[in-house]
Amino acid sequence: MTTVDARHAAPPVPVTARRSPAGPVLAVLWAGAAAVTALWWADTGSVVGTAGWLTGAGRIAGLLCGYVCAVLVGLMARVPLLERRIGSDRVARWHAMAGRYTVCLLVAHIVLILAGYAAQDRASLWHETVTVVLDYPDMLKATAGTVILFAVGITSARAVRRRTSHEFWYHVHLLTYAAVFLAFFHQLTLGDEFNGKPVATALWYVLYLGVAALVLWFRILAPVRLNRRHRLQVESVHQEAPGVYSVVVRGRHLDELRARPGQFLRWRFLGAGLRWTSTPYSLSAPPRPDRLRITVKALGGHSAAVALLRPGTRVWAEGPYGSLTADRAAGHRSLLIAAGVGVTPLRALFETLPGEVTLLYRARRVEDLALGGELEAIARWRGAQVLYALNGPGGERPPLTAESLRSTFPGLAGHDVYLCGPDGFARDVYEALRAAGVPDRRIHHESFEL
């Protein structure tokens with residue numbers, strides 16, 4: 001393992017409390033949904049008969065589906081205000097929830113509209129479906145977009161995603177843009193809320209063009225500018241533990257990135273087999289003006305190939321993202337709890353967090369303690385403490401319960417707790433911390449399984 005030179009260690013950063021804008025953002029999103037509902041209500045007269053009720057329900061489901069599609073894409077734009085202030089994991093959860101709403105509303109829209117049209121024309125559901133798809137304007141494109149959205153939804157389901165690679169999921173997920181584009185036009189040509197109503201049509205264009213502008217700026221133009229400016233490339237690759245490697249990336253003017261300990265970037269290594277996938281990896285050391293470092297565990301095809309990177313390989317990066325930073329702390333006593341490769345962002349925080357800091361590192365064996373030498377050196381330099389939770393001789397796991405945490409860390413409820421590790425581990429420890437009396441606002445957790 002490598003060690004850190006205390007002479008070049010970064011000083012602790014000051015704590016400045018910030019208020020999360022999550023509440024106002026959610027209020028805006030719900031206000032948009034209310035406005036869409038009002039648009040449908042204003043255009044809907046008296047509803048007569050089964051066909052009228054079915055068609056009316058299908059229309060409101062379609063309008064809300066169109067609105068949620070715009071929100072879905074907007075949450076994919078990686079807007080810094082959301083990614084850094086609210087947290088990438090929360091934005092990802094919102095995106096996943098919007099995806100589920102989109103699929104549910106889409107199914108409701110299709111079934112209700114076709115059933116309403118069939119009842120109105122006194123035709124079979126199959127005949128009406130064929131007629132709508134083949135004869136109505138822009139419906140072939142909308143049908144193609146619907147098929148793509150269903151494919152994205154299926155591959156995003158937890159049971160399916162666990163059985164597929166991140167690379168496959170990532171590329172399928174990108175098709176969401178195409179699906180939304182293909183489905184957009186039939187909303188205007190067939191939607192009664194827009195026919196002959198220039199104000200409503202203009203507002204719908206503003207919604208979608210605004211979201212498209214966010215994607216264009218933050219997903220394309222800003223990364224192009226970043227990478228042209230900083231000229232990132234691999235400097236070296238070092239093994240830290242079995243299957244765990246650190247990659248040092250050299251670049252120019254990296255202080256302009258304003259990356260902070262605890263944050264991550266999305267990395268695309270322009271080497272064989274890696275150039276087509278962008279993967280989030282946390283900074284495992286405080287950023288320097290000419291170097292960044294990440295530490296990666298071989299868990300999939302992309303992460304395993306990182307170990308084979310050669311010095312000089314060009315790197316394409318986006319970010320920094322994430323809110324697992326020092327300014328989330330409310331006090332001056334912090335406990336960092338890491339498991340496995342989740343130690344990477346916490347190692348950077350361990351060096352830079354102000355006040356009294358303790359790190360608890362969970363691993364199976366001593367050999368699996370990545371960056372252990374650096375952690376010990378940092379602890380000596382700043383007078384901090386590192387504790388390890390290793391399996392026993394028979395493989396038994398040490399309990400991390402509310403009782404064990406309270407007895408190990410007196411005054412635990414007054415600590416800010418930074419938590420990072422596999423999803424199941426993080427959920428269990430989070431609940432144990434709450435049971436031990438730590439308030440939710442002082443448990444700082446960000447999932448990087450995005």
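One is the number of the first residue; the rest follow in order along the sequence. FYI, side chains are in, hydrogens and waters are out, and symmetry mates aren't considered; it's all heavy atoms of this structure. The model shown is predicted, which means the values in this text are computed figures rather than measured ones.
To the nearest 0.5 angstrom, Ile60 atom CD1 is 11.5 Å from His109 atom NE2. With values rounded to the nearest 0.5 angstrom, Ser246 atom OG is found 5.0 Å from Leu371 atom CG. Taking CG of Leu309 as the reference point, atom CZ of Phe269 lies at 5.5 Å (rounded to 0.5 Å). A distance of 10.5 Å separates OH in Tyr205 from CZ in Phe194, rounded to the nearest 0.5 Å. To the nearest 0.5 angstrom, Leu419 atom CG is 10.0 Å from Leu336 atom CG. Taken to the nearest 0.5 Å, the CZ atom of Phe168 stands 6.0 Å off from the OG1 atom of Thr155.
Ionic pairing of Arg328 and Asp416 is not present here: no N-O contact between side-chain nitrogen and carboxylate oxygen is shorter than 4.0 angstrom. A salt bridge links Arg260 and Asp327; the closest N-O separation between the charged side-chain nitrogens and carboxylate oxygens is under 4.0 Å.
Panel note: side chain His95, backbone Leu72; a donor-acceptor pair is recorded below 3.5 Å. Under a 3.5 Å cut-off, the side chain of Thr325 and the backbone N or O of Gly262 do not form any donor-acceptor pair. Here the side chain of Arg382 pairs a donor or acceptor atom with the backbone of Leu353 at under 3.5 angstrom.
No side-chain donor-acceptor contact under 3.5 Å links Arg268 and Asn227. Side chains of Thr295 and Ser284: a donor-acceptor N/O pair is present below 3.5 angstrom, by distance only. Side-chain contact annotation: Gln187 with Trp204, donor-acceptor N/O pair under 3.5 Å present.
For Gln385, the side-chain contact (heavy atoms from CB on, under 4.5 Å) test picks out Thr358, Leu387, with sequence neighbours left out. Leu221 is linked by a side-chain contact (heavy atoms from CB on, under 4.5 Å) to Leu216, Trp217, counting only residues two or more places apart in sequence or in another chain. The salt bridge (charged side-chain N to carboxylate O under 4.0 Å, His left out) search around Arg427 returns Asp423, not counting sequence neighbours. Glu235 is linked by a salt bridge (charged side-chain N to carboxylate O under 4.0 Å, His left out) to Arg250, Arg291, counting only residues two or more places apart in sequence or in another chain. Scanning for side-chain contact (heavy atoms from CB on, under 4.5 Å) contacts around Ser407 gives an empty result, with sequence neighbours left out. Looking at residues two or more places apart in sequence or on another chain, you find a side-chain contact (heavy atoms from CB on, under 4.5 Å) between Arg219 and Met76, Arg78, Tyr170, Leu174, Tyr177, Val215, Glu318.
Looking only at side-chain heavy atoms (C-beta outward), Met97 and Arg93 stay at 4.5 Å or farther from each other.
Atom CZ of Arg231 is surrounded by more than 12 heavy atoms from other residues, nucleotides or ligands within 6.0 Å. No more than 12 heavy atoms of other residues, nucleotides or ligands lie within 6.0 Å of CZ in Phe181, so this atom counts as exposed by the packing criterion. For Arg365, the CZ atom sits in a packed shell: over 12 heavy atoms of surrounding residues, nucleotides or ligands are nearer than 6.0 Å.
Using the six-membered ring where Trp is involved, Phe184 and Tyr208 have ring planes that are tilted, between 30° and 60° apart.
Considering Val172, Thr176, Leu182 in turn, Leu182 is the only one that fulfils the side chain to side chain contact (heavy atoms under 4.5 Å, CB included) rule with Ile148.
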Using the rule given for side chain to side chain contact (heavy atoms under 4.5 Å, CB included), can you reason through His238 versus Tyr245, listing the C-alpha separation, both sets of side-chain angles and the distance that settles it, and then say yes or no? CA-CA 5 Å; His238 309 282; Tyr245 293 84; over 6 Å; no

Could you go through the side chain to side chain contact (heavy atoms under 4.5 Å, CB included) check for Arg225 and His230 one step at a time? CA-CA 9 Å; Arg225 178 182 178 276; His230 300 298; over 6 Å; no

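With Tyr321 as the aromatic partner, Arg266 meets the cation-pi criteria of under 6.0 angstrom to the ring centre and within 45 degrees of the ring axis.
Ring-centre distance between His415 and His332: not below the 6.0 Å cut-off.
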